[in-house]
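Input: a single structure, listed below in structure tokens.
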Amino acid sequence: AARCHYHQTSPASGFTQGSICTIATPTGRVTITERQITITENSQKHTVLLPTKERYDQALWDYCGIRF
């Protein structure tokens with residue numbers, strides 16, 4: 001419980017510093033932050049910068065089905 005509280009409330013926690021969306025896939029995971037998308041497939045990571053809000057919004061839609 002203490003670890004969960006830290007992640008949810010601490011200014012030093014990455015989860016309180018900005019938006020993050022992550023979703024498991026059959027071969028790994030896709031993680032999207034306001035600045036980048038990281039695709040992990042079969043233990044291989046590939047990171048791409050998201051230079052604009054439009055690219056961020058599109059990544060959320062493409063990989064997570066989230067639209068604002």
Side-chain angles (χ1 to χ4, degrees):
R3 184 69 97 183
C4 287
H5 179 74
Y6 166 83
H7 287 298
Q8 294 173 359
T9 62
S10 173
S13 168
F15 295 102
T16 62
Q17 300 300 308
S19 297
I20 184 170
C21 181
T22 187
I23 188 167
T25 67
T27 58
R29 176 167 298 283
V30 175
T31 301
I32 303 168
T33 67
E34 294 166 350
R35 296 187 266 309
Q36 66 187 30
I37 180 170
T38 301
I39 301 170
T40 305
E41 290 184 301
N42 302 314
S43 301
Q44 300 287 322
K45 286 187 178 184
H46 176 71
T47 300
V48 176
L49 295 178
L50 298 173
T52 65
K53 182 179 180 328
E54 290 76 20
R55 292 279 305 272
Y56 168 74
D57 289 346
Q58 189 63 51
L60 285 175
W61 174 248
D62 290 345
Y63 292 95
C64 302
I66 297 172
R67 187 170 305 239
F68 290 103

Between the side chain of Glu41 and the main-chain N/O of Thr27, is any donor-acceptor distance below 3.5 Å?
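Looks like no, no N/O pair under 3.5 Å.
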
May I ask you to decide if Ser10's main-chain N or O and Thr16's side chain share a donor-acceptor pair within less than 3.5 Å?
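Answer holds: yes.
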
Sub-4.5 Å side-chain heavy-atom contact between Pro51 and Tyr56
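No, too far: nothing below the 4.5 Å cut-off.
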
Tell me whether Ile23 is reachable from Phe15 by hopping between hydrophobic residues (I, L, V, M, F, W, Y) whose side-chain heavy atoms are closer than 4.5 Å.
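Hydrophobic grouping puts Phe15 apart from Ile23.
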
Would Val48 and Ile39 show up in the same hydrophobic cluster when neighbours are defined by side-chain heavy atoms closer than 4.5 Å?
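In one cluster: yes.
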
Contacts under 3.5 angstrom, residues 60-68 side chains, donor-acceptor by atom type, not counting sequence neighbours:
unit_1	atom_1	unit_2	atom_2	d
Asp62	OD1	Gln58	NE2	2.7

Member of Thr22, Thr31, Thr47 meeting the side-chain hydrogen bond (donor to acceptor under 3.5 Å, both in side chains) criterion with Thr38
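Only one option passes, and that is Thr47.
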
Shortest non-hydrogen contact between Leu50 and Thr33, atoms and distance:
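Heavy atoms only, the tightest pair is CD1-O, 3.7 Å.
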
What are the two closest non-hydrogen atoms of Arg29 and Ala24, and how far apart are they?
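For Arg29 versus Ala24, the nearest heavy atoms are NH1-N, 3.7 Å.
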
Output the distance between atom CZ (Arg35) and atom OG (Ser19), rounded to the nearest 0.5 Å.
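Reported to 0.5 Å precision, the distance equals 10.0 Å.
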
Quick one: pull up NZ in Lys45 and OG1 in Thr40 and give me the separation to the nearest 0.5 Å.
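Reported value, rounded in 0.5 Å steps: 5.0 Å.
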
Does atom CZ of Arg55 have more than 12 heavy-atom neighbours from other groups under 6.0 Å away?
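No - once you tally the heavy atoms of other residues, nucleotides and ligands closer than 6.0 Å, there are 12 at most.
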
